[in-house]
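If you're wondering where the values come from, they're calculated on a predicted model, not measured in any experiment.
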Amino acid sequence: MSAAAARARRVPLPRGFYEVDPLVLAPVLLNKLLVRGGRAGRIVEVEAYRGGEDPASHAFRGRTARNATMFGPPGRLYVYFTYGMHFCANVVCMPEGVAGAVLLRALAPVDGLEEMRAARTAWAAGRGGRPAPGSGSGSRSACDRDLASGPARLCQAMGIGRDEDGADLVTGRGGLRLVDDGVPPPATPGVSGRVGIRQAADLPWRLWVPGDPNVSRARARPAVHRR
DNA sequence: CTTTGGATCGTCT
DNA sequence: GACGATCCAAAGG
């Protein structure tokens, strides 16, 4: 099928799709498409974060100015800033008033790779880095595997920052949409503990599409904090 | 290949 | 005042 026909097949996910527990939403989010203008990426890795009963969740200690979006209507994007330089994006779920979210950890680039490379290069240039490998060529390179492989890289590639916090993925208000193009979630996703957290690190709430090269490669050992 | 340290700032204690 | 749902480059094997 042509690229145009493939795009025509993309249908938005209804509000009710998101009105569920993060543990229910996470597996069915796999293989859905995140779309922004000419850019599109397939979700290949996620992590579930619950609210009050999940010590690793930003919402664990209740509602604050930062995590307010997590308590809002489902189907929106919760974007937060961390490590003094990175953004991460979550899909908000559960009924309004109840916190819950699924962190997007990796996309397989589908459309707009040029734009994604440019966005990543611009980010690197902003901090004095070199152009991203592969930028400038029009074809796919091996480096494209890393274009959106990781929660902060994904935000760089899709141009997600402060302004996208609260963007509605159902209506597209805010510039971002989440759509189904007919590719089903994996019958048996890969499972592991969540990355980069200290609390509840053993819960198997990280899921990915088995065999996909864009899944973030976990460090050999989680960062050990010295004493 | 693996491991380490630096960058950098909003948020909550 | 500490530290984080991270990334990158450099150094070491």
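Atom P of nucleotide C:dA5 and atom CD1 of A:I160 are separated by 18 Å, given to the nearest angstrom. Protein atom CH2 of A:W123 is 6 Å distant from nucleotide atom C1' of C:dC7, rounded to whole Å. Residue A:Y78 contributes atom OH, which lies 9 Å from atom P of C:dA5 at whole-angstrom precision. The separation between A:M85 atom CE and C:dC7 atom P is 11 Å, rounded to whole Å. A straight line from CZ of A:R120 to P of C:dA9 spans 9 Å, rounded to a whole angstrom. If you measure from atom CG of A:L154 to atom P of C:dA5, you get 17 Å, rounded to the nearest angstrom. Straight-line distance from the CZ atom of A:R153 to the P atom of C:dT6: 12 Å, rounded to whole Å. One interatomic measurement links the two molecules: CG of A:L203 to C1' of C:dA5, which rounds to 14 Å at whole-angstrom precision.
Judged by distance alone, the side chains of A:R206 and A:S192 do bring a donor and an acceptor atom under 3.5 Å apart.
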Working for side chain to side chain contact (heavy atoms under 4.5 Å, CB included), residues A:L23 and A:W205:
CA-CA 7 Å; A:L23 294 179; A:W205 291 355; 3.5 Å; yes

Begin with the C-alpha distance, continue with both residues' side-chain angles, and end with the deciding distance and a verdict on side chain to side chain contact (heavy atoms under 4.5 Å, CB included) for A:L25 and A:Y18.
CA-CA 7 Å; A:L25 180 64; A:Y18 302 98; 4.2 Å; yes

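With contacts defined as side-chain heavy-atom distances shorter than 4.5 Å, the pair A:L107/A:L34 qualifies.
Closest approach of A:P210 and A:G190 over heavy atoms only: CG-N, 3.7 Å. Considering all non-hydrogen atoms of both residues, A:I197 and A:A56 come closest at CD1-CB, 3.7 Å.
Between the CZ atom of A:R194 and the OG atom of A:S57 there is a distance of 8.0 Å, given to the nearest 0.5 Å. The distance from the OG atom of A:S149 to the CD atom of A:E45 is 6.5 Å, given to the nearest 0.5 Å. The distance from atom CE of A:M158 to atom CZ of A:R36, rounded to the nearest 0.5 Å, is 7.5 Å. Note that CG of A:L178 and CD1 of A:I43 are 4.5 Å apart. Values are rounded to the nearest 0.5 Å.
Using a cutoff of 4.0 Å between basic side-chain nitrogens and carboxylate oxygens, A:R50 and A:D21 are scored as salt-bridged. A:R10 has a carboxylate O that lies under 4.0 Å from a charged side-chain N of A:D111, or vice versa, which qualifies the two as a salt bridge.
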Report, one pair per line, the protein and nucleotides 11-13 of chain C atoms (nitrogen or oxygen only) whose separation is under 3.5 Å.
none

Shorter than 3.5 Å, N or O on both sides, protein versus nucleotides 10-13 of chain B: list them out with atom names.
from	atom 1	to	atom 2	distance (Å)
B:dC12	OP1	A:T64	OG1	2.3

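For B:dA7, the base has no donor-acceptor partner in the side chain of A:Y83 [N/O atoms by modelled type, under 3.5 angstrom].
If you chain together hydrophobic residues whose side chains sit under 4.5 Å apart, A:F87 and A:V195 never meet in one group.
Proximity of a side-chain donor or acceptor of A:N67 to a complementary backbone N or O of A:H58 within less than 3.5 Å is detected.
By the neighbour-count criterion of 12 heavy atoms within 6.0 Å, atom CZ of A:R177 is sparsely surrounded, having that number or fewer from other residues, nucleotides or ligands.
Applying the salt bridge (charged side-chain N to carboxylate O under 4.0 Å, His left out) definition to pairs two or more places apart or across chains, those involving residues 165-175 of chain A are A:R15-A:D168.
Contact check of residues 46-60 of chain A against DNA chain C (heavy atom, cut-off under 4.0 Å) returns A:Y49, A:A56, A:H58. Looking at residues 69-76 of chain A, you'll see that no heavy atom sits under 4.0 Å from any atom of DNA chain C.
Taking the six-membered ring for Trp and the full ring otherwise, the centers of A:H86 and A:F81 sit at least 6.0 Å from each other.
Pairs of Watson-Crick or G-U wobble type, with distances under 3.5 Å, assemble into runs of 3 or more in DNA chain C at these ranges: B:1-7 with C:6-12, B:9-12 with C:1-4.
On the C1' atoms, B:dG5 is 16 Å away from C:dC3, given to the nearest whole Å.
Listed pair A:R206 / C:dA5 fails the phosphate criterion, with no side-chain N or O lying under 4.0 Å from OP1 or OP2. The side chain of A:R217 places no N or O atom within less than 4.0 Å of a non-bridging phosphate oxygen (OP1 or OP2) of C:dC7.
You'll find that the side chain of A:V195 is closest to C:dT6, out of C:dA5, C:dT6, C:dC7.
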